[in-house]
Amino acid sequence: MKITQEKFGECNSETVYSYQMENDHGFKMNCITLGCIITSIETPDKNGKYENIVLGFDTVEDYLEYSPYFGSIVGRVAGRIKKGTFELDGETYNLPQNENTNHLHGGPNSFDKKVWNAKKIENENEVGIQFSYESKDGENGYPGNVTVYATYILNNENELTITYSATTDKKTLINLTNHTYFNLSGNTKRDIMAHKLKLKSNEYLELDDLFLPTGKLLSVKNSPFDFVDGKKLNEAILSEDDQIKKVGQGIDHPFLLTENHNEEIVLEDDESGRKLIIETDEESVVVYTSNMLEGDFSIRGVQAEKYLGICLETQGLPDSINQPTFKPCILDVGEEYKTSTTYKFTRI
Ligand code: G6D
């Protein structure tokens, strides 16, 4: 097991460090202190060829200018909050509306754009980094001084576990996730249309025209959102279903998980032979097939375009503070927010 640190770049005159973690089988991953971003993950294909399977850049400047949350932590609250407003104990809070009239992914210049502190972890069978960040009371309109930890641990079974924890000195909201875009083809040779997804989920959230949950749970049965038995993404993405068309001809929906820690999320790519199993203690996963990934930039030499990656963002339900039937993402004084997700990289 190895972990090395080197300078990656500068952000607002703060040094951004990168960490390369490698296990005894050649599995390698890189992450940086800007946004705890996972910049690369190298796994073998069916012929043992190691290639990168996540979308990312090689400079701070590119991440700041182009990145739609590539590889980053998202918070204080992942997802959208309607009109950027919520009430806690009779007090109304107004957050920046950074997407139309809604608040998205913690607001502008949020956790994904901050330079986090980092501490190396080195044990015989695992290496990792404990990232930490002090989110000040009032940051992007949220109450409470919140201390956040995101710990990345790589072991010798080719598993990456991300554990999030947080405490606050005033009741607040928190709902963290990692926004990595996976593409198992290797070095983005192909898009994700032929990737196969399997989900232990019977229901997903209906979204409105601003991508906010309406509060209605829809059954996946007889719909393009049924991944219970596993199917190729193009079968869903190319559907005429209203919810598919609404989010830019693809998936951008929260799915409620029926099980935890039991291979509840599985992504495969037959051509490369790569397989990713995700297990979490979270109640849901937002599946996003990068329907909005268009723009005048390239990603390590590949022109940005839709369907180049799939995000599997394990988290609490979006806008839960404003949806009476959802479990609210409230963190109170004296409580600890703690959640973890494990990514197992293997082969079909
Ligand atoms: C778009 O609607 C999607 C979000 O789900 C995603 O997180 C973001 O792009 C990067 O806003």
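Whatever order the structure lists them in is the order used to number ligands and atoms, beginning at 1. Every value quoted in this text rests on a predicted model; they were computed, and no experiment measured them. Count residues from 1 along the sequence.
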Check residues 5-13 and write down every donor-acceptor pair under 3.5 Å in which the side-chain atom is one partner and the other belongs to a residue at least two apart or another chain.
from	atom 1	to	atom 2	distance (Å)
Q5	NE2	Y19	OH	3.0
K7	NZ	E10	OE2	2.7

Could you check atom 9 (O) of ligand 1 against the protein and tell me its nearest heavy-atom contact, residue, atom and distance included?
Y288 OH, 3.6 Å
Provide the number and element of each atom of ligand 1 under 4.0 Å from a heavy atom of P68.
10 (C)
Where ligand 1 meets Y69 - atom numbers and elements under 4.0 angstrom, heavy-atom basis
10 (C)
According to the interplanar angle, ranging from 0 to 90°, do the rings of F225 and Y204 count as parallel (below 30°), tilted (30 to 60°) or perpendicular (above 60°)?
parallel
Specify the closest pair of heavy atoms between Q130 and I121, including all atoms of both residues, with the distance to one decimal.
N-CD1, 4.0 Å
Does the separation of the ring centres of Y69 and H105 fall below 6.0 angstrom?
yes
Return yes if a side-chain donor-acceptor contact under 3.5 Å exists between E139 and S135, otherwise no.
yes
Option with minimal heavy-atom separation from atom 6 (C) of ligand 1, where the choices are H253, H179, E313, E99:
H179
Option with minimal heavy-atom separation from atom 3 (C) of ligand 1, where the choices are D252, V247, N291:
D252
Could you tell me, atom by atom, which parts of ligand 1 come under 4.0 Å of a heavy atom of H105?
6 (C), 7 (O)
Measuring centre to centre across the rings, with the benzene-like ring taken for any Trp, is F57 within less than 6.0 Å of F70?
yes
Check if Y181 has a non-hydrogen atom at a distance under 4.0 Å from any atom of ligand 1.
yes
Proximal atoms of ligand 1 relative to F211 (non-hydrogen, under 4.0 Å):
2 (O)
Any R80 heavy atom less than 4.0 Å from ligand 1
yes
Show me the side-chain donor-acceptor pairs of residues 111-120 shorter than 3.5 Å, one per line, residues at least two apart or across chains.
from	atom 1	to	atom 2	distance (Å)
K114	NZ	N109	O	3.1
W116	NE1	F111	O	3.0

